[in-house]
Protein chains: 2
Amino acid sequence: MERLLKFVKIGINEKIYIKDPESTTLGKRIVEESILLIQEIGFEAFTFKKLGQRIGSNESSIYRYFENKHKLLLYLTSWYWGWLEYKLVFATNSITEPREKLRTALTIVTQAAEVDSNFSHIDEVLLSKIVINEYSKSYLTKEVDADNKEGYFVIYKRLVNRLSTMIAAVDAAYKYPSSLASTVLEGSLHQHFLKDHFASLTDCHEKGDPTDYFIELVFNALNTTPNG
Amino acid sequence: MERLLKFVKIGINEKIYIKDPESTTLGKRIVEESILLIQEIGFEAFTFKKLGQRIGSNESSIYRYFENKHKLLLYLTSWYWGWLEYKLVFATNSITEPREKLRTALTIVTQAAEVDSNFSHIDEVLLSKIVINEYSKSYLTKEVDADNKEGYFVIYKRLVNRLSTMIAAVDAAYKYPSSLASTVLEGSLHQHFLKDHFASLTDCHEKGDPTDYFIELVFNALNTTPNG
DNA sequence: TATAAAATGATAGTAATGCTATTATCTTTG
DNA sequence: CAAAGATAATAGCATTACTATCATTTTATA
């Protein structure tokens, strides 16, 4: 996995950035350090000026890569979903049994990124925390429909659809495959958030718990069991 | 219901406001019109200055009621959850059969506020839309833990717990009552949002659909049916 | 290696935001 | 009708979210 991903580039909608941050050292530093800074001070307090100071570069230089911090957030979250999608496809591709395939998919999609993921300049563990805390803000805006039209959410949508398809493959008669898929993806972020800030609102306290919870939920919804 | 609520005041944590907006005409106008304005231009673009202009009042006067717009959002969303809680308790109080009770609760909690709710200066239909679009922003902040400690989310937490208790009453052996309850509340907002902006990510296109989806989901999770 | 082109850095400037403070005026209500 | 309380008007300040310009450095290429 690590090796492979050294050669794979997550394909992100080119309209999200002005200049591809993957193409230069400064660009990579912007992405790399923005993850750290957003994680530290939160997206609201995050500014390009602060990021510039942190990376010893200039505010105006960062503006040459991203139009504004919202676009940067779209970039980071797109990257994350693209990375998850890649892991999902990679892990489920060879599985033919629908239930096993779905179970594997759910595991990947609901578990917190925790292990060896140092295969690029991006810290996926931190990035997953940013996604938990900030992803909603990328679409809960007055500009959603325009942004959606521009294709800023394609990767996420594709991911939901992949999951939805896998759900339908287990039970073609199930009436809500897309809703269930989107509930799992969104709900998983939410349960991880609750774990950290509203422990009384969740039962997922141990590692792996959101995964167990969602696997049970999904397979019960489909009136079957996770194991063939 | 309408009549009753004329006499009931939603009890909101007094630390959320500086001066109780319910206590004066200006206060009520602030609440009333902020709902309209936030719905129109979104929470990001919303400012006290614009609100002041709209209600023919002054920015500084609004600051005497709310410390900042974040507190106002906390107020509005607390009000909404308090209102929902009231409806929930009112509708389920007399029901003894656990499954029927849960089904009724799920209906109230997942359906979009749509009907006759003109019993106060607050437009609940609009407010529910604000909750759908903005609620996450009230807790996805760096100050969540502090805000939570101050008790700014008590009503929401109590609502999740009520639902969780009803779930446990149907199946005491179910391992994730709180997670399921929080998934339903959050997930319901999300499905309503998807309906409006990402139709391909949901199957809930008709009125009542999120409700049907969640009722089926919950009762399947509990390995039983909605009807006694 | 000279030289043009591209990228970056430094500085300045602007309108808007998110406040706080002060003072003036209007409304109650005792 | 006077005092208290509420509201309005105005000003001011630090920060944000940019844009623009120009200088300097790096890189590419002839």
- Task: For F66(B) and dG18(C), give me the distance from atom CZ to atom P, rounded to whole Å.
- Result: 16 Å

- Message: Pairs counted only when both distances fall under 3.5 Å, Watson-Crick or G-U: show me the 5' to 3' dot-bracket for DNA chain C, [ ] for pseudoknotted crossings and | for other-strand partners.
- Response: ||||||||||||||||||||||||||||||

- Can you find a side-chain donor-acceptor pair between S179(B) and T202(A) that sits under 3.5 Å? yes

- Message: Quick check on the 6.0 Å ring-centre criterion: do Y86(A) and W83(A) meet it?
- Response: no

- Message: Is it the case that the ring center of F153(B) lies less than 6.0 angstrom away from the ring center of W81(B)?
- Response: no

- Task: Starting at the 5' end of nucleotides 24-30 of chain C, put B wherever the base has a protein heavy atom under 4.0 Å, S where only the sugar-phosphate does, and a dash everywhere else.
- Result: -------

- N-O pairing of D20(A) and K9(A) below 4.0 Å: yes

- Query: Is the Y75(A) ring parallel, tilted or perpendicular to the Y17(A) ring (thresholds 30°, 60°)?
  - Reply: perpendicular

- Query: How close or far is atom C1' of dT8(C) from atom NZ of K19(A), stated in whole angstroms?
  - Reply: 9 Å

- Message: Could you check whether K28(B) pairs with E32(B) (Lys NZ or Arg NE/NH1/NH2 to Asp/Glu carboxylate O, under 4.0 Å)?
- Response: no

- If we ignore angles and hydrogens, is there a donor and acceptor under 3.5 Å between the side chains of T24(B) and Y65(B)? yes

- Item | F198(A) and Y139(B) aromatic ring geometry - parallel, tilted or perpendicular at 30°/60° bounds | perpendicular

- Under 4.0 angstrom between S57(B) side-chain N/O and dT7(D) OP1 or OP2: no

- Task: Round to a whole Å and report the spacing from CG of D20(A) to P of dA6(C).
- Result: 18 Å

- Message: Test side-chain hydrogen bond (donor to acceptor under 3.5 Å, both in side chains) on E134(B) and T77(B); report intermediate values, then the result.
- Response: CA-CA 9 Å; E134(B) 323 286 1; T77(B) 56; over 6 Å; no

- Query: Tell me: CZ of R29(B) to C1' of dT7(D), nearest whole Å?
  - Reply: 14 Å

- Query: Hey, does Y65(A) reach any base, or is it just sugar-phosphate, or nothing, if we go heavy atoms under 4.0 Å?
  - Reply: sugar-phosphate

- Note on the structure: Here the distance between atom C1' of dG18(C) and atom CG of L51(B), to the nearest Å, is 14 Å

- Once you round it to whole Å, what is the distance between P of dT11(C) and CD of Q53(A)? 13 Å

- Say whether H70(A) and E44(B), considering side chains only, have a donor N or O and an acceptor N or O under 3.5 Å apart. no

- Message: Tell me if the centroids of the rings in F48(B) and F66(B) come within less than 6.0 Å of each other.
- Response: no

- Query: Whole Å only: how far is the CG atom of L26(B) from the C1' atom of dA9(D)?
  - Reply: 15 Å

- Readout for nucleotides 12-29 of chain D: B = base within 4.0 Å of protein heavy atom, S = sugar-phosphate only, - = neither; 5' to 3' it is ----SSBBB---------

